[in-house]
Undergrad: 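Encoded as structure tokens, here's the structure I'll be asking about.
In what follows, chains are A, B, ... by sequence order, proteins preceding strands, each numbered from 1. Predicted model only: the values in this text are computed from it and were never measured.
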There are 2 protein chains.
Amino acid sequence: MDIRAEKDKFYAKLGEKGLKATTQRADILDVFLRSKQHFNIEGLLAMVRRKNPRIGYATVYRTLKLLTECGIACERDFGDGQTRYEHMTGDAHHDHLICLECGGIVEFENERIEALQDEVASRHGFEVMHHKLELYGICRQCASKRDKKR
Amino acid sequence: MDIRAEKDKFYAKLGEKGLKATTQRADILDVFLRSKQHFNIEGLLAMVRRKNPRIGYATVYRTLKLLTECGIACERDFGDGQTRYEHMTGDAHHDHLICLECGGIVEFENERIEALQDEVASRHGFEVMHHKLELYGICRQCASKRDKKR
DNA sequence: TTGTGTGCAAACGATTTGCAGTACC
DNA sequence: GGTACTGCAAATCGTTTGCACACAA
């Protein structure tokens, strides 16, 4: 991923909206872009505070909402009561495999599934705007750990 | 759906757990079984209170959790901040089409999608326990209403 | 100086829990 | 008479908001 390009994109969008580029926004964006995907606010705040300890919850929430509006971040809800965020790369839509044991998240994309979804939807007279597909299960590592215990 | 059978199932499970069959639990179960699917707690409470006005929020929450444990109800989260519940019939798993305009929910099942999901998962070394597939879009009625407005 | 942005703390909405009173065996 | 159940209100958790202060054009 091109960090420089994402930053430029953000600053351009800020300009369009008549908003300012502050150090807090820059810090949060930088941490966001460098971190691995799918963290929650708490995790992100912890990382941001390593760089700038005086940043508050509210700023992180507000900035992530901004990043989402600007098409740089994307909100995800995996049903554990917390919103998670991931990078919104220009790539094709992807879905998630989630390990119930370790919480690990793997991304995948499959156009045959997408095609079948559209088919099902149109059969019901729906025009699909977006969708959510999550597969919850046990990943290879956790499965083999479990086997060893026996 | 066989209401009688579901009630018997609930009372049997209550017995197994050493819990009592109270009038509140019976009222909530009855309203739950007779109502159409996918309501939230608020809606269910309103319906229950028509039958028994003295029932409180907490009892509805507690009873629905019980029904879920007993395999009679199933929790659903469509991302609007409220948990919804639906009947857990013995039928095959199904997924949802959700209209972004009117909030209408249509169920569907498609074994070819399920098969592809398993294929994707095993390619990533996952054993799938359960999954969630939701298609968000505009239903036929809302689309035609929208066309008329133009 | 005239804002917008920030940090704090208080507000919020959905859900859970503590507890005193209630009802059933 | 004891124990599980209920209803209320208070607590909780993630998130949002109001407001006074800080800071940059």
Undergrad: Can you spot which of His131(A), Glu134(A), Lys132(A), His130(A) makes a side-chain contact (heavy atoms from CB on, under 4.5 Å) with Glu134(B)?
TA: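 Only one option passes, and that is Lys132(A).
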Undergrad: Counting only non-hydrogen atoms, which of residues 18-27 of chain A are less than 4.0 Å from DNA chain C?
TA: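 Listed by number, they are Leu19(A), Lys20(A), Thr22(A), Gln24(A), Arg25(A).
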Undergrad: Are any of the side-chain nitrogens in Arg123(A) or Glu119(A) under 4.0 Å away from the carboxylate oxygens of its partner?
TA: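 Salt bridge between Arg123(A) and Glu119(A), a charged N being under 4.0 Å from a carboxylate O: yes.
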Undergrad: Using a cut-off of 6.0 Å, state whether more than 12 heavy atoms not belonging to Glu69(B) lie near its atom CD.
TA: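 Counting other residues, nucleotides and ligands, CD of Glu69(B) exceeds 12 neighbours.
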Undergrad: By a strict heavy-atom criterion of less than 4.0 Å, which residues belonging to residues 61-82 of chain A are in contact with DNA chain C?
TA: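 Heavy-atom cutoff 4.0 Å gives Arg62(A).
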Undergrad: Please report the distance, rounded to the nearest Å, between CZ in Arg84(A) and P in dG14(D).
TA: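 Atom CZ in Arg84(A) sits about 11 Å away from atom P in dG14(D).
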Undergrad: Check whether Arg25(B) reaches the backbone of Lys20(B) with its side chain - one donor and one acceptor, N or O, closer than 3.5 Å.
TA: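 Confirmed, Arg25(B) side chain pairs with Lys20(B) backbone.
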Undergrad: Heavy atoms from C-beta onward define the side chain here; which of dG7(C), dT15(D), dG7(D) lies closest to that of Thr83(A)?
TA: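 My answer, after comparing the listed nucleotides, is dT15(D).
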Undergrad: Establish, from distance only, whether the side-chain atoms of His94(B) and Glu86(B) form a donor-acceptor pair under 3.5 Å.
TA: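 Present: a donor and an acceptor within the cut-off.
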Undergrad: When the ring centroid of Tyr136(B) is compared with that of Phe78(B), is the distance short of 6.0 Å?
TA: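 Not close enough - the centres of the two rings lie 6.0 Å or further apart.
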Undergrad: Atom CD1 of Ile41(A) and atom P of dT15(D): how far apart are they, to the nearest Å?
TA: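 Taking CD1 of Ile41(A) and P of dT15(D), I get 6 Å after rounding.
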Undergrad: How long is the line joining CG of Asn40(A) and P of dC13(D), in whole Å?
TA: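 The answer, rounded to whole Å, is 15 Å.
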Undergrad: Could you check whether Asn40(A) and His38(A), counting side-chain N and O atoms only, form a donor-acceptor pair closer than 3.5 Å?
TA: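 No pair is found: no donor N or O on one side chain lies under 3.5 Å from an acceptor on the other.
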Undergrad: Using atom CZ of Arg54(B) as one end and atom P of dG21(C) as the other, report the distance to the nearest whole Å.
TA: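 Roughly 15 Å, once rounded to whole Å.
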Undergrad: Can you tell me how the ring of His124(B) sits relative to the ring of Phe108(A), calling it parallel under 30°, perpendicular over 60° and tilted otherwise?
TA: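 Judged by the thresholds at 30° and 60°, the geometry between His124(B) and Phe108(A) is tilted.
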Undergrad: Rounded to whole Å, how long is the line connecting atom NZ of Lys17(A) with atom P of dT4(C)?
TA: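 Distance, rounded to whole Å: 15 Å.
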Undergrad: Let me spell it out: for each of Ile55(A) and Tyr57(B), pick the nucleotide of DNA chain C with the closest heavy atom. Which residue's pick is nearer the 5' end?
TA: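 Mapping each residue to its closest nucleotide by heavy atoms, the 5'-most match is Ile55(A).
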Undergrad: May I have the distance from Leu14(A) (atom CG) to dA25(D) (atom P), rounded to whole angstrom?
TA: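 Nearest whole value for this atom pair: 14 Å.
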Undergrad: Do you know the tightest heavy-atom contact between Leu135(B) and Ala121(A)?
TA: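 So the two residues come closest at CD1-CB, 4.4 Å.
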